[in-house]
Amino acid sequence: MKKPLDFSMVANNAKPVTMKALDENDQPIDITGFAIKWQFFAKGDDTAKVTKSTTAGSIIITNGPAGDFAFTLEPEDTVDLDAGEYIHEAVTVDGDGDPVTITNNDPQLSAGKLTLRRQYTVQD
């Protein structure tokens, strides 16, 4: 089982995120020319809180043959969200038009949990 792709961030902050698409043998999936959509969800809710995609220009494939892609969570993406744990996944559409989930809670793929915390303000 792969180590889960878990990360944390502070709400209302920017967070650069890099990911790698791997197959069941931990080998990179060549995502050259793929359309990628990344989303995160509150546990038990199938409504996406944030969506990033290559189609919208918010995901960049940084090294297609190595399976690398990146995006940035912007402050406005999380400013109104509650602190807590969220599940994230990325889905691609390959050259044949078939969907391929590349990060989710399937143990053969990169799993994902995002922990969001509120920013603390220190008063003088």
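Keep in mind the model is a prediction, meaning the values are calculated, not measured. FYI, side chains are in, hydrogens and waters are out, and symmetry mates aren't considered; it's all heavy atoms of this structure.
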E89 side, atom CD; K37 side, atom NZ - distance, nearest 0.5 Å: 8.5 Å

Ignoring hydrogens, what is the shortest heavy-atom contact between A14 and T72? Give both atom names and the distance. CB-CG2, 4.4 Å

Taking all atoms of both residues into account, what is the closest heavy-atom pair of P28 and P65, and its distance? CB-O, 3.9 Å

Please name the pair of heavy atoms, one in A70 and one in T62, separated by the smallest distance, quoted to 0.1 Å. CB-CG2, 4.0 Å

Supply the atom-to-atom distance F41 CZ to Y86 OH, rounded to the nearest 0.5 angstrom. 13.0 Å

Audit row: Q39, H88, side-chain contact (heavy atoms from CB on, under 4.5 Å) steps and yes/no: CA-CA 6 Å; Q39 297 178 301; H88 70 88; over 6 Å; no

Give the C-alpha distance, both sets of side-chain angles, the deciding distance and a yes or no for salt bridge (charged side-chain N to carboxylate O under 4.0 Å, His left out) between D77 and K52. CA-CA 10 Å; D77 291 332; K52 302 288 182 177; 2.7 Å; yes

Tell me whether D45 at atom CG has more than 12 heavy atoms from other residues, nucleotides or ligands lying less than 6.0 Å away. yes

Spacing of T51 atom OG1 and F71 atom CZ [to the nearest 0.5 Å]: 10.5 Å

Would you give the length of the straight line joining atom NZ of K49 to atom CZ of F40, rounded to the nearest 0.5 angstrom? 8.5 Å

Supply the atom-to-atom distance R117 CZ to N13 CG, rounded to the nearest 0.5 angstrom. 8.5 Å

Using side-chain heavy atoms (C-beta onward) and a distance below 4.5 Å, is T54 in contact with F34? no

Please check: side-chain N/O of S53 versus main-chain N/O of I36, any donor-acceptor pairing under 3.5 Å? no

Under the side chain to side chain contact (heavy atoms under 4.5 Å, CB included) test against F69, which residue among I31, I60, T18 passes? I31

Nearest 0.5 angstrom please: M9 CE to L73 CG, how far? 5.0 Å

Side chain K20, main chain A66, donor-acceptor under 3.5 Å: yes

